[in-house]
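I have placed the structure first, in the form of structure tokens, so that the comments after it can refer back to it.
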Amino acid sequence: MDNMMKLEFLNKSNNERFARTVAAAFATILDPTLEELSEIKTAVSEAVTNAIIHGYEDSTGMVCLEGRIDGRTIEFIVSDRGKGIEDITQAMQPLFTGKPEMERSGMGFTIMETFMDSIEVESVLGGGTTVKMSKTLKDR
Amino acid sequence: MRMKLIGQMHVLVVEMEEELDHHIAQNVREIIDKELKRTNAINLVFDFRNLSFMDSSGIGVIIGRYKIVKILGGSVIIVSPQPQVRRIIEMAGIHKIIKITNTLDNALKMV
Ligand SMILES: Nc1ncnc2c1ncn2[C@@H]1O[C@H](COP(=O)(O)OP(=O)(O)OP(=O)(O)O)[C@@H](O)[C@H]1O
Ligand SMILES: [Mg+2]
């Protein structure tokens with residue numbers, strides 16, 4: 001492991017921008033392309049927003065964002081201690097949303113999968129959710 | 001966010017700035033819906049020239065407004081999305097139901 005960082009913040013929606021900006025700034029160490037940078041920023045935004053909207057709903061809790069760099073590979077881990085996901089396979093299907101009444105489109109996981117190289121989701125009902133995603137950046 | 005009404009054409013132009021995420025979406029949604037009601041506009045133009053970032057929350061905002069405007073008998077047009085915003089729009093298939101154009105002038109000709 002060449003580098004790592006860890007950030008914890010309250011589940012407030014105005015921290016979404018804060019978190020994805022930190023993730024992008026951390027990635028800057030690897031001198032990514034503009035496209036890679038915006039992919040990372042978007043994927044992290046999706047995971048953090050999910051933790052805030054779905055993980056905690058109306059309760060209060062902390063969201064954790066970890067970043068790790070190993071060579072040209074960057075990994076982000078977003079975790080919450082919220083309500084958890086009952087059926088992860090179903091949750092990750094394109095267009096599946098647990099909250100259609102909130103104008104959610106069910107595209108969050110699809111965006112994370114498209115913009116990162118790999119994604120792993122672990123969840124415990126009542127215990128919380130951890131999303132781990134990584135991407136190997138082009139050599140520059 | 002700034003809005004202007006082109007009254008004789010019943011068009012509400014919404015100029016988005018900076019970043020459209022879940023935090024911002026809550027407000028944007030309310031303001032647009034209120035303004036559509038107040039002005040009797042039936043067409044909506046999203047001017048995305050100055051919008052540098054959008055995530056899935058933006059998809060919800062666009063599709064939600066599309067549904068409202070469709071009921072009113074009008075249309076939604078998107079102007080000049082930047083590359084990141086365009087990718088999200090295309091990934092969600094929004095370009096299949098909503099027209100995208102390069103200039104506001106074009107958009108006004110299309111409504
Ligand atoms: N951290 C989480 N805690 C609990 N449930 C989650 C979490 N993340 C995702 N989910 C569940 O997985 C579903 C799918 O998530 P996804 O991000 O793909 O779509 P969405 O958030 O519903 O809509 P969108 O991201 O397009 O606004 C959510 O609706 C929710 O039910
Ligand atoms: Mg989501």
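Residue numbers begin at 1 in each chain, while the letters A, B, ... track the order of the sequences.
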Would you compute the distance between atom [atom1] of [X] and atom [atom2] of [Y] and round it to the nearest 0.5 angstrom?
X      : Y       : atom1 : atom2 : value
L30(A) : L137(A) : CG    : CG    : 5.5 Å
M1(B)  : L20(B)  : CE    : CG    : 10.0 Å
I69(A) : F26(A)  : CD1   : CZ    : 4.0 Å

A side-chain contact here means heavy atoms from C-beta on lying under 4.5 Å apart; do [X] and [Y] qualify?
X      : Y      : value
D47(B) : R2(B)  : no
I78(B) : I62(B) : yes
V61(B) : M54(B) : no

>> Under a 4.5 Å cutoff for heavy-atom pairs, which residue among G60(B), P83(B), G64(B), A92(B) has the most contacts with chain A?
In response: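 Highest number of heavy-atom pairs under 4.5 Å: G60(B).
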> Given that the side chain runs from C-beta out, which part of I24(B) has a heavy atom under 4.5 Å from chain A: side chain, backbone, both or neither?
Replying inline: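 For I24(B), there is no contact with chain A at all, as no heavy atom is under 4.5 Å.
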Atom pairs, donor to acceptor, chain B/chain A, distance under 3.5 Å:
residue: E18(B); atom: OE1; partner: R17(A); partner atom: NH1; Å: 3.1
residue: E18(B); atom: OE1; partner: R17(A); partner atom: NH2; Å: 3.4
residue: E19(B); atom: OE1; partner: R17(A); partner atom: NE; Å: 3.4
residue: E19(B); atom: OE1; partner: R20(A); partner atom: NE; Å: 3.1
residue: E19(B); atom: OE1; partner: R20(A); partner atom: NH2; Å: 2.7
residue: E19(B); atom: OE2; partner: K41(A); partner atom: NZ; Å: 2.8
residue: D21(B); atom: OD2; partner: R20(A); partner atom: NH1; Å: 3.0
residue: D21(B); atom: OD2; partner: R20(A); partner atom: NH2; Å: 3.1
residue: H22(B); atom: ND1; partner: E16(A); partner atom: OE1; Å: 3.4
residue: H22(B); atom: ND1; partner: E16(A); partner atom: OE2; Å: 2.5
residue: H23(B); atom: N; partner: E16(A); partner atom: OE1; Å: 3.1
residue: H23(B); atom: ND1; partner: S13(A); partner atom: OG; Å: 2.6
residue: H23(B); atom: ND1; partner: N14(A); partner atom: N; Å: 3.4
residue: R29(B); atom: NE; partner: E103(A); partner atom: OE1; Å: 2.6
residue: R29(B); atom: NH2; partner: E103(A); partner atom: OE1; Å: 3.3
residue: D55(B); atom: OD2; partner: S45(A); partner atom: OG; Å: 2.7
residue: S56(B); atom: N; partner: E46(A); partner atom: OE2; Å: 2.7
residue: S56(B); atom: OG; partner: E46(A); partner atom: OE1; Å: 2.7
residue: S56(B); atom: OG; partner: E46(A); partner atom: OE2; Å: 3.3
residue: S57(B); atom: OG; partner: R104(A); partner atom: NH2; Å: 2.9
residue: R65(B); atom: NH2; partner: E103(A); partner atom: OE1; Å: 2.5
residue: R65(B); atom: NH2; partner: E103(A); partner atom: OE2; Å: 2.7
residue: Q84(B); atom: NE2; partner: T42(A); partner atom: OG1; Å: 2.9
residue: R87(B); atom: NH1; partner: E39(A); partner atom: OE2; Å: 2.7
residue: R87(B); atom: NH2; partner: E39(A); partner atom: OE2; Å: 3.1

>> Can you confirm whether more than 12 heavy atoms, excluding those of L34(A), are under 6.0 Å from its CG atom?
In response: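 No, not enclosed.
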